[in-house]
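Since the structure comes first, as structure tokens, the remarks are kept for the end.
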Protein chains: 2
Amino acid sequence: MSKDKILSEALTLFASRGYEGTALSELAERVGMKKASIYSHFKNKEEIFWAVIDRAYQDEIDKFSKGMKEVQQLSFRERLHFMIDQHVHFYKENDVNATLWRRMTLFPPEAFREGLKAKLLEYEQQFNALLETELQVAIEEKEISDIDLDTGLAMILCIVDGLFVEYSYYDENEFNERVEAVKKMTWRSFAPKVEEG
Amino acid sequence: MSKDKILSEALTLFASRGYEGTALSELAERVGMKKASIYSHFKNKEEIFWAVIDRAYQDEIDKFSKGMKEVQQLSFRERLHFMIDQHVHFYKENDVNATLWRRMTLFPPEAFREGLKAKLLEYEQQFNALLETELQVAIEEKEISDIDLDTGLAMILCIVDGLFVEYSYYDENEFNERVEAVKKMTWRSFAPKVEEG
DNA sequence: CCTACCGATCGGTAGG
DNA sequence: CCTACCGATCGGTAGG
């Protein structure tokens, strides 16, 4: 269907050039139609934007929650590393989606700032709920130090956000080394003080 | 001088709307002249861009190295917290400079990509050299665990990058709490395992 | 530093 | 899904 084709080409363009930087004439050319014909599928450019965003958002949510179900039986340390890896994997495999997300989080088109912020907080809440349970169980079972939940949560989110940024400005090898370093250090920050890791 | 005024207004605009998103007509209006008059100070838009970038780069370098000199006598734990605070302070006080820098790093205008990358690596090398010395001394004096230098470096950079992202999407109170949480956890990741912090 | 202008391109519409 | 447009705005120039 050409509506899908419009959305997937728009995703690529919005991610690489931004919203205002994307011309509908170029979008049309990639899809293989004239610019005016786009308007028989979408009301205007803004409607295309939100359709693209909604799709990218659902993709991210689905992949993350599916992944976490697969590692329930592992230790907290392993689940922590898995969580970080999974985000990294997302940046790599799904480069366009992640780039769009990154761009729209950091530099939203002025008019869409509020709407995008709402979507982001929605995602964070789902992520937080999941993480909070993880931490609580790990503390109760003495897998990690008795850390304040919000403190531990803030740390993991900060790490994930930091790697998110760094992915786009280091080359693959350098980035992979950084991921391993950060996983190691992050575990150290959670580990019970008495045992040496 | 109106050349300075052009540069400082251009900084604000490039940071908040990006290069292509900034219209010379708006720049002129903010400066208080007509668009055509800008061309008596600069050859074209591109020349304004590089003048702005060069200035922002020098500012960032100067402020960071000046700050670090003032805390040489403190403990590593305090210097670590100071470094994080200083970056946070930089985002807050000097929001425009930092925002421009990050935007141009992550989403450079296509034509300027190579030139910008060179500037970034230059900055990172200076930052790394400084951090490396900090870590080495702290390890030798047994203030922190015997951690691989690159690993420790990667951790601090990741934290700083993560907080940068988060600064733009949390409100002030929430953000400040996250900074404190992250400082605490980051210190835990460096601390010798035997002493409880 | 200004007025007056240029060609190119933007998002969007009319009408088929 | 097309041709043929629209007004608005872009970066930049001529000439004073």
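Just so it is clear: chains get the letters A, B, ... in the order the sequence lines come, proteins before strands, and each one is counted from 1.
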Next on the checklist: For the aromatic rings, using the six-membered ring if either is Trp, is the centroid distance between F82(A) and H89(A) under 6.0 Å?
Outcome noted: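 No, too far apart.
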
Checklist entry - Are W101(A) and F164(A) close enough that their ring centres sit under 6.0 Å apart? => result no

Checklist entry - Are F112(B) and M104(B) close enough, and set up right, to give a side chain to side chain contact (heavy atoms under 4.5 Å, CB included), and what steps lead you there? => result CA-CA 9 Å; F112(B) 308 150; M104(B) 293 309 152; over 6 Å; no

Expressed as a whole number of angstroms, how long is the span from [X]:[atom1] to [N]:[atom2]?
X      : N       : atom1 : atom2 : answer
F49(A) : dG12(C) : CZ    : P     : 14 Å
E29(A) : dC1(D)  : CD    : P     : 16 Å
E20(B) : dC10(D) : CD    : P     : 14 Å
L24(B) : dT9(C)  : CG    : P     : 17 Å
E46(B) : dC10(D) : CD    : C1'   : 16 Å
K3(A)  : dC1(D)  : NZ    : P     : 12 Å
N44(B) : dC10(D) : CG    : C1'   : 14 Å
F14(A) : dG11(C) : CZ    : C1'   : 12 Å

Item to check | Strand DNA chain C in bracket notation, Watson-Crick/G-U under 3.5 Å with | for pairs to another chain | outcome: ||||||||||||||||

Checklist entry - Closest approach of K183(A) and H81(A), non-hydrogen atoms and distance? => result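 In this case the closest contact between K183(A) and H81(A) is O-NE2, 3.4 Å.
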
Next on the checklist: Looking at every non-hydrogen atom in both residues, tell me the closest pair between K34(A) and A28(A) and how far apart they are.
Outcome noted: C-CB, 3.7 Å

Does a side-chain N-to-carboxylate-O contact under 4.0 Å join [X] and [Y]?
X       : Y       : value
K117(B) : E114(B) : no
D4(A)   : R55(A)  : yes
D148(B) : K184(A) : no

Next on the checklist: Are more than 12 heavy atoms, taken from residues, nucleotides or ligands other than E29(A), located less than 6.0 Å from that residue's CD atom?
Outcome noted: no

Item to check | Residues touching DNA chain D, which here means a heavy atom under 4.0 Å, drawn from residues 32-43 of chain B | outcome: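 K35(B), A36(B), Y39(B), in order of number.
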
Next on the checklist: So, OP1 or OP2 of dG11(D): does either fall under 4.0 Å of a side-chain N or O from S25(B)?
Outcome noted: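 Answer is no, no contact under 4.0 Å.
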
